[in-house]
Amino acid sequence: MDDTDCLMGQVCDNNLCLENDLPPPEGIAIDVQTAVPPFRIELRGNDAALQRILDRLPNRYHVDRAQVRDRLRIEVLEKQIDDLAEGTGPEVPVAASIELQQPSRFARSPFVVTDLSFPPPTPDGSVDEDPVLFKSWPRYDAADIGADQPLYAKLTYQDDVADDQPFQWGRGIVARQLMRKKTDEPADDGFELRTVRECHRRVLGNIRFPDGPLASEPPLDSPATVAVNMRHAGRADDGDPETPVCDPNPVGETPATCSVETVVNPPYSGCATSGQCPEPYKCYADPVDDVKRCGCKRDSECPQGQVCRVDLQQCALDLTDRPAIKQVTAEAVDDAAVSAWIYTYCDEDPTADRTMEFVVSTAADARLGLPRLNYRVVLTFLVGDLMGSTPLGRICLPTWQRAREVQVPLKGRPARLFKNAAGQEWTCCDTSCLAEAATKPPPAAPETCEVKPPITVVGTFSIPDPASWAAAACMPLSGADEQGNVRVTYGPADCNVESSEPCSVNLSPGPVGGNGQPYVLRIEPPVGSLFRSTLLPVTITSDSSVLPTADQDLQPRVLLRGTVEHKDCSGSACVPAEVLVERVIRGEDPTTLLGPYFYNTTTIYNAATKGYEFVIPVNPGVYLVTALPTVTPQNSATGPAPIIVVDLREDNPDLVQEDGLRVLDLEDPLVLTDFGAVYTVELADFVSNSRVIPLDLTGGEGLLDPDGEPLDLNAPGTCLPGEGCQIRRIRPVSSPLRVPQNQIVRFVARAADAAAE
């Protein structure tokens, strides 16, 4: 009710005890996400938008939603050319759905908003003659770290065809990058996303089975189909800075698709030296005018997501791996037609021929059991074929026997995971049996563990009869090695944990008359399971119904055990903690690297030691480990434990054998911060369904892996491939932080003396 009810150094505000100090701003990093309407802002303490409130209680950081939100004003316009030679014609709004995507400032998953419509729907269903789509979007000050993350738009057009048009125009998918203006105050950012109708071109190919027709018996309930996708191939950078990827006239290669129309370029200002150019641009002589301008000659001299258009010395959107068509399906029969529309990015010169390179992906009906194949194709779009179709080529698939359901029985031996003060032992298949270990006796030990983990299927494919595939003029496989082998995927297994049946998977025995088809099952038991992830090679033959795994026990994971302490309490008076364990990626082969990558568990009170212990099975590897306190009013000044690096590789001599398990007991406890840095942040005008994820971007500084190499927890690729480390979060996963009615949130970070070890 008043300050006397709070701990020393706290004040009472709206019946909450809040810290009245103001820790340093570099300790703040929060990811605020709102589901409806979708909005996300990632804030650092040093951002211009965070103000320090010191003249009224409580002392706090303050951010106003209105100051971190711009409004995008989007129009989608299409030029419809009447006279191709003259390039004249009207420009009209065109209907499309829009997906917006922006990378994270903190190397987390990107912010993606889907299903935006242009023209936007009107309240009364009327037609707006001048439609504009408005969408709020996070805004950062130009000086903020990572404020220039690129904003992408993916346009998927509605194929609206007027009755009086002699030719039915379809439309492919278009990618654009939106370069936002640097304004001092929140404002509208206007974008007119322009395309040219005549740049949408039709491609026509077909499905072929060079090895013979598929089996027609037994008949299927519905015809089998093949889903076809296409994406821009781009070109791999050869590492030579003098030969950029985005070269429209390469020697002996396909021109790269990187029209300057794929990006609204910033002003390329005049310069005398590169020091006068904003990063990452350099100062070069203009290829047209007799002046020097900021620009590029190398891809590294362009912002993230762009590549250098060398003939113009300007940066353009890199289209590599971006979708080129809407997914189409064709019947899985010989010579079935595949028709799609592609945007050729011919905006600069619709009268010129265009040569482009694509990757074509296929996924056949799961009942056929065929591999998912990728092909590489170079297409030339001739102006003379404007009203016709460009030959796509032949999508060839192997002729295999029908897929059949094969059971995958998986089991393992239970092991002792925990022993309490009374000598009782918990022998289990996973750590869920420890949930009530502090208050209840152990359950009966199972004789065996029936394991039902997520299973995916991969394999290697090569053309069975190169002569017949060459005679059929099949498109070449993409990514084939020198022997012609490519890595392929299949559909996942069905593992119903509620069923008494084992996992099952639909797999084909391969070609008729063959010796069976080899596969590799990626078995990845979830967090808490005693059993390690593994790659299981199998061969499916015509009489396979159950994989011969019944006599093979899954190998156990490495058991990591330790304790969590707090200096200000002892015994059961302490609060439990959540322990986070995350895999560090150190040069492992991505094709054999198996998840999970991130583990978490809750501590268990042990009356014998009068302390909190944890046990968690993990796949062998190098890990980051920390502990977070359970959030209660009584531990409001308790912060996370330091982050440590633990070597759990099988060749680590510190691992000991215990009842058939490799075990590592941490010698030192994870010590929760005695006096954490308590941050109070006011999120003014944020809606109550907003979720706040506090992050620690500095607590991992100085960390080294077991080989003495530095670890950057904020860099993509250190942990889960493509993202920064999840262990940076400083609130338990089980305790999400929501914006309350008074719009003040608080969290406890590691104090300055609780740096990473």
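Distance check, rounded to the nearest 0.5 Å: CZ of Phe686 to CZ of Arg69 gives 8.5 Å. A distance of 12.5 Å separates CZ in Arg586 from CG in Leu593, rounded to the nearest 0.5 Å.
Taking the centre and axis of the six-membered ring of Phe39, the NZ or CZ atom of Arg65 falls inside the cone set by 45° and 6.0 Å. Figure legend: cation-pi geometry between Arg731 and Phe747 absent, as NZ or CZ is not positioned both under 6.0 Å from the six-membered ring centre and within 45° of its axis.
Salt bridge annotation for Arg728-Asp31: absent, with no cationic side-chain nitrogen under 4.0 angstrom from a carboxylate oxygen. One finds no salt bridge joining Arg44 and Glu42 here, because no Lys/Arg side-chain nitrogen approaches an Asp/Glu carboxylate oxygen to under 4.0 Å.
Formation of a donor-acceptor pair under 3.5 Å by the Gln743 side chain with backbone atoms of Asp685 is found in this model. In this structure, the side chain of Tyr345 does not engage the main chain of Val174 through any donor-acceptor pair within 3.5 Å. Using a distance-only test at 3.5 Å, with no hydrogens or angles considered, no donor-acceptor pair links the side chain of Thr673 to the main chain of Arg750. With Asp2 contributing its side chain and Thr4 its backbone, the two residues share a donor-acceptor pair below 3.5 Å.
Inter-residue side-chain proximity for Asn689 and Thr34 is flagged as met; some heavy-atom pair is nearer than 4.5 Å. Residues Val739 and Val692 have side chains in contact (heavy-atom distance under 4.5 Å, counting atoms from C-beta outward). Looking only at side-chain heavy atoms (C-beta outward), Arg194 and Glu91 come within less than 4.5 Å of each other. You'll find the side chain of Tyr599 reaches within 4.5 Å of the side chain of Tyr623, heavy atoms only. No side-chain heavy atom of Pro25 sits under 4.5 Å from any side-chain heavy atom of Leu50. Side-chain contact check for Asn46 versus Glu26: some heavy-atom pair is nearer than 4.5 Å. Looking at heavy atoms from C-beta onward, Leu43 lies out of side-chain contact with Val681 at the 4.5 angstrom threshold. Between Leu22 and Tyr61, some side-chain heavy-atom pair lies under the 4.5 Å cut-off.
Pairs engaging residues 48-64 under the salt bridge (charged side-chain N to carboxylate O under 4.0 Å, His left out) rule: Arg60-Glu682 [sequence neighbours left out].
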List the steps and the verdict of side chain to side chain contact (heavy atoms under 4.5 Å, CB included) for Cys719 and Ile727.
-> CA-CA 9 Å; Cys719 297; Ile727 205 166; 5.7 Å; no
